[in-house]
There are 2 protein chains.
Amino acid sequence: MAQTKKDDVRTKIVESARNEFQDHGYAASTIRGIAKRAGISTSNVYVYFESKLELLFAIYDPWLRAQILQLEAQAAEIADPKERLRAIIATLWETFPAADGGFGTIFIEGLAVSGREGQYSRDLLHWAEERLSTLVASCVPQERADQFSDTAFAHILFMAFDGFALNYGLIGPSRRLDRCLDLIVDLIVSDFET
Amino acid sequence: MAQTKKDDVRTKIVESARNEFQDHGYAASTIRGIAKRAGISTSNVYVYFESKLELLFAIYDPWLRAQILQLEAQAAEIADPKERLRAIIATLWETFPAADGGFGTIFIEGLAVSGREGQYSRDLLHWAEERLSTLVASCVPQERADQFSDTAFAHILFMAFDGFALNYGLIGPSRRLDRCLDLIVDLIVSDFET
DNA sequence: CCCCATAAACGAACGTTGTTCGTTTATGGG
DNA sequence: CCCATAAACGAACAACGTTCGTTTATGGGG
């Protein structure tokens, strides 16, 4: 009966927004800039996305899920549990904040700026913590398995990810991160060494 | 030779800003609202503070320092090391984000929104981590003292504080926090029990 | 004690922003 | 081949942080 929403327009908006966010961060990116880069009018963006924040989620959700799945694949190839655990946490605290132009950082920025509606990100966070928890459990010595039977540790890791991502955006790569990784890994699998 | 900046005007601005931030958060607070509440004109705020972000720092810096000093006093009265450690981390992850209308949360929000100039907050973060590190060291068993001789653990605690503060602002108090506290404390002083 | 240079204080304005509105234009089912 | 419908558009709205030009109060020098 009328025009229909076109997948290629939606894709163009998403791609344009991803580039703008990576170039300028969330707050400094404008809907006008995103629309211009996509080759459409400013107001037409709102035909496809309700708000700037929803646009960010549309990019971040699949991005994080892909990152987690990729992390699982990489971890599976590391035989030593201690080494594997270190790689997992290093990915979360070091790689993610810096990856793809600091995208982890940009999402945290967007959440802090626009957010007052937790429900959006809650499902994603739970999913990610569940996967991360399973991953961590595979690195923990048997006698401590019961301590890691729920998602509490993964929750702590993710909360700290928020902090590292924020700091990465404000200051840049942390020089103390290696020491933090050594410490947290030692706290968990030190029994293997002694 | 002319009018001088008046301490009571400056104080009124700070008090007004503190109330506005607590009522509406950082991004939703306006300079106009702060000025009106302080009983002065909008532009006069800029005679006393360079920007909205600097105004936030002027409030947050002494606030955090006072909170840390108060934490030190409270911790000193807890004899049992394990209990003391739990109280310290609980204060950082649970009390701080919620205290004074979520002020810890509001600062993280402000940093994420306006921040591109890490130097401002860097000194404060280092100071806080130094104090926190000393505090934590007093709870750690002797045989693990070398692991806690630097600020790495305090840094992790603060990074996670960022996450908990952010989540408190977006979702509200975490129900899983007790489990996280149990876990992190057990990881550090479990030797005392077994 | 009285100026007056100076800077606080002010109202208006600037340049942006995210978002909405009214209109035009393209299109897919009858 | 229509035409109701919704995509697409340009202009406008309301609100923001910040700046500007002017007015007004004041503290040190005569």
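A note on names: the letters A, B, ... follow the listed sequences, proteins ahead of strands, and every chain is numbered from 1.
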G-U wobble or Watson-Crick pairing nucleotide for C/dT27 (cut-off 3.5 Å, both distances): D/dA4

Whole-Å distance separating the CD1 atom of B/I31 from the P atom of C/dC14: 21 Å

Calculate the interatomic distance between B/K5 atom NZ and D/dG27 atom P; express it in whole Å. 15 Å

Side-chain N,O (A/Y48) to OP1/OP2 (D/dA8) below 4.0 Å: yes

Below 4.0 angstrom from OP1 or OP2 of D/dA7, is there any side-chain N or O of A/N44? no

Ring centroid separation for B/F103 and B/W63, is it under 6.0 angstrom? yes

From the options D/dT18, D/dA6, D/dG10, select the nucleotide whose nearest atom is closest to the side chain of B/S51. D/dT18

Please tell me which of the listed nucleotides, D/dA8, D/dG17, C/dC21, lies nearest to the side chain of A/Q3? D/dA8

Just how far, in rounded Å, is P of C/dT16 from NZ of B/K52? 19 Å

Give the nucleotide from the list D/dA7, C/dC10, C/dT27 with an atom nearest to the side chain of A/A2. C/dT27

Considering only D/dG17, C/dC10, C/dA8, which nucleotide approaches the side chain of B/Y46 most closely? D/dG17

Starting at CZ of B/F49 and ending at P of D/dT19, how long is that distance when rounded to a whole Å? 16 Å

Does A/T30 reach a base, just sugar-phosphate, or nothing at all? Heavy atoms under 4.0 Å. sugar-phosphate

With a 4.0 Å cutoff (strictly under), does any side-chain N or O of A/K6 reach OP1 or OP2 of D/dA8? yes

Taking the six-membered ring for Trp and the full ring for Phe, Tyr or His, determine whether the centres of A/F158 and A/H126 are under 6.0 Å apart. no

For B/R32 and A/T4, take the nucleotide of DNA chain C holding the closest heavy atom to each; which residue's nucleotide lies nearer the 5' end? B/R32

Does NZ or CZ of A/K52 come closer than 6.0 Å to the centre of the six-membered ring of A/Y26, within 45° of the ring's axis? yes

Taking A/A145's backbone N and O only, do any of them form a donor-acceptor pair with A/S149's side chain (distance below 3.5 Å, no angle check)? no

Under a 3.5 Å limit on both distances, the Watson-Crick or wobble mate of D/dT19 is C/dA12

Check against salt bridge (Lys or Arg N to Asp or Glu O under 4.0 Å), A/R176 and B/D150: CA-CA 10 Å; A/R176 283 184 293 166; B/D150 62 8; over 6 Å; no

Name the residue closer to the 5' end of DNA chain D, choosing between A/I40 and B/A27 according to the nucleotide with the nearest heavy atom. A/I40

Starting at NE2 of A/H24 and ending at P of C/dT16, how long is that distance when rounded to a whole Å? 14 Å

Please evaluate the base of C/dG11 for a donor-acceptor partner in the side chain of B/T42 within a cut-off of under 3.5 Å? no

To the nearest angstrom, how far is B/E20 atom CD from D/dC16 atom P? 11 Å

Of D/dA7, C/dC10, D/dG10, the nucleotide closest to the side chain of A/S41 is D/dG10

